[in-house]
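Here is the structure we will look at.
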There are 2 protein chains.
Amino acid sequence: MSLSRQLSPSRTRDDGRGIPDATVARLPVYHRVLRALGDEGVHTISSDHLAQSCGVSPAKLRKDLSHLGSYGTRGVGYDVALLSYHISRELGLSQPWGVVIVGVGNLGQALVSYRGFASRGFEIVGLLDSHPDVVGKRIAATGVDLIVAPMAELETMVRESGASIGVIATPADAAQKVCDRLVDAGVRSILNFAPAVLVVPDEVEIRKVDLAVELQILAFHEQRRVDDSSHLAQVMNA
Amino acid sequence: MSLSRQLSPSRTRDDGRGIPDATVARLPVYHRVLRALGDEGVHTISSDHLAQSCGVSPAKLRKDLSHLGSYGTRGVGYDVALLSYHISRELGLSQPWGVVIVGVGNLGQALVSYRGFASRGFEIVGLLDSHPDVVGKRIAATGVDLIVAPMAELETMVRESGASIGVIATPADAAQKVCDRLVDAGVRSILNFAPAVLVVPDEVEIRKVDLAVELQILAFHEQRRVDDSSHLAQVMNA
DNA sequence: TAGATTGTTAATCGATTAACAATC
DNA sequence: TAGATTGTTAATCGATTAACAATC
């Protein structure tokens, strides 16, 4: 990946590469808000207003957007449609990405029924599960109905559908094996919902969503609040 | 919250407060891995091995743990049970926290069936939904069965159960109103699964889990890979 | 021109990393 | 004592922020 940068030394700006991770993580939010604004008939918006709608500071928003190029107009603001387009292009939303979901339990089914997939150009191209009760079941996704395939078909499914993103929604103890098979089949983007630390080769991008981690972070702050108020009470009693 | 720090200037170490956010976010992973190691009968582990199991660098792990205190033994490593205990204490897992889930659709039900709640001292104390088809439904959680209550009971439920964490699993357009009601009822820790930017007072800790954001970050990297290899191909053809 | 707002700069802050002295 | 491993230090890196010159 550094190769292409070395090969294109003439580029001035970041130009699509070199966008900070923290910025990339916020672009989807900006994009969603801009789409909503467009639907409401808003054509132009300032960084101050957009930042407020996105829950970030105006400085951060402008800095983030500056990595994409110069798509605002000084004294006026940003054209909602234009900015929305450039963000979606940067995020790779202008082309469809195939998604395979492994594990069709409660969570897997919740993911299938999520409408945010299709509306952003993600297409669920396959569902896999190991449990005989689930295999063969017909699940309604946005647009198409899908039939849950047995795990044995993982490699075939990935290859034939050209899926590029794999979602792991299995129990923790099955996750690493599923991950290995996805990677061997050519998947290099993985979203892991299983509470397990997965090992992947360097070239694979893996992201983890962990309910227990989120709850425990909240518990930490909750406890801190309790501690603080009891300290305060102690001092006030003294 | 800075008050208690001001009031306790004698403390030397971070002492529970002042732990960096990035560290707090990793503690639950360390804790989970340590519990698994304990179950396997491992009594002692070095930072190198534990770091590898947790998917972080040894330097980062030791730095993180140093914020909790000095619970390792030079030349030996960490006592699994002791370290596990101190992390859980720091995270506030030694006391139970009540959780209210608002929105019992596919996702809400997936959350209820998640076993990671009870095993870490979180107790689901209430389920709420606005849809008449769902209200009154009996849902099996770990330990207890719960009956979905109507939204009108939100305030009563929070007050009577003393719930401290609210989980929002509603559609996006309902999320802000639900959030406001939770905060008004006294909830100051919120986990938001709705794809919406929620506004909360400063004293409320809010965390967001956003499937679309995760997918779009993966799409960004996937596209970058494609771009890079086509650049490479161009150059090699030339 | 005057007012508004962007895009960029430079300072600050927080997180990561590597190296190593302390010490079991 | 010799080998192993922690806890800490200092350097580096990346992200955030505030201020403002550029410019519509």
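What you are looking at is a predicted structure, and each value in this text was computed from that prediction instead of being measured. All chains are named by letter (A, B, ...) in the order of the sequence lines, taking the proteins before the strands, and each is independently numbered beginning at 1. The figures here come from the full heavy-atom set of this structure, side chains too, leaving out hydrogens, waters and symmetry mates.
What separates NE2 of B:H67 from P of D:dT9 is a distance of 12 Å, to the nearest Å. When the C1' atom of D:dT5 is taken as reference, atom CG of B:L65 falls 13 Å away, rounded to whole Å. Per the geometry, CG belonging to A:L61 stands 14 Å off P belonging to C:dT5, to the nearest Å. Atom NE2 of B:H86 and atom P of D:dG7 are 11 Å apart (whole Å). Rounded to whole Å, atom P of D:dA15 lies 6 Å from atom CG of A:D21. At whole-Å resolution of the value, NZ in B:K63 and C1' in C:dA15 are 9 Å apart.
Across residues 44-56 of chain A, A:S46, A:S47 each have a non-hydrogen atom less than 4.0 Å from an atom of DNA chain C (numbered order). Interface residues of residues 77-85 of chain B facing DNA chain D, ordered by number: B:G77, B:Y78; criterion, heavy-atom separation under 4.0 Å. Within residues 25-34 of chain A, no residue places a heavy atom under 4.0 Å from DNA chain C.
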Decide side chain to side chain donor-acceptor pair (under 3.5 Å) for A:E222 and B:S164; before the verdict, give the C-alpha distance in whole Å, the side-chain angles of both, and the deciding distance to 0.1 Å.
CA-CA 8 Å; A:E222 192 70 31; B:S164 44; 4.5 Å; no
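A search for salt bridge (Lys or Arg N to Asp or Glu O under 4.0 Å) contacts involving A:R181 returns A:E155, not counting sequence neighbours.
Between the A:S66 side chain and the A:K63 main chain, a donor and an acceptor come within less than 3.5 Å of each other. Within the 3.5 Å criterion, the main-chain N or O of A:E203 finds a donor-acceptor partner in the side chain of B:R225. The backbone N or O of A:L215 sits nowhere less than 3.5 Å from a side-chain atom of B:W97 that would complete a donor-acceptor pair.
Other residues, nucleotides and ligands contribute only 12 or fewer heavy atoms inside 6.0 Å of the CD atom of B:Q52. Remark: B:R115 CZ is loosely packed, at most 12 non-hydrogen atoms of other residues, nucleotides or ligands lying under 6.0 Å away. Remark: A:H221 NE2 is packed, more than 12 non-hydrogen atoms of other residues, nucleotides or ligands lying under 6.0 Å away.
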So what's the dot-bracket for DNA chain D: Watson-Crick or G-U pairs under 3.5 Å, [ ] if a pair crosses, | if it pairs off-strand?
..||||||||||||||||||||||
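Distances shown here put a side-chain N or O of B:K60 below 4.0 Å from the OP1 or OP2 atom of C:dT17.
Under the 30°/60° scheme for interplanar angles, the aromatic rings of B:F117 and B:F122 are found to stand perpendicular.
With distances taken from any side-chain atom of A:A22 to the nucleotides C:dT17, C:dA15, D:dT16, the minimum falls on D:dT16.
For the side-chain contact (heavy atoms from CB on, under 4.5 Å) with B:L83, the qualifying choice from B:L37, B:I45, B:L50, B:T44 is B:L50, the only one to do so. Checked options A:L191, A:N192, A:I190; the residue passing with A:K208 is A:N192 (criterion: side-chain contact (heavy atoms from CB on, under 4.5 Å)).
Taking 4.5 Å as the limit, every side-chain heavy atom of B:L27 sits out of range of all side-chain heavy atoms of A:Q216.
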Reading nucleotides 19-24 of chain D 5' to 3', which nucleotides get B (base under 4.0 Å from a protein heavy atom), which S (sugar-phosphate only), which -?
BB-BBB
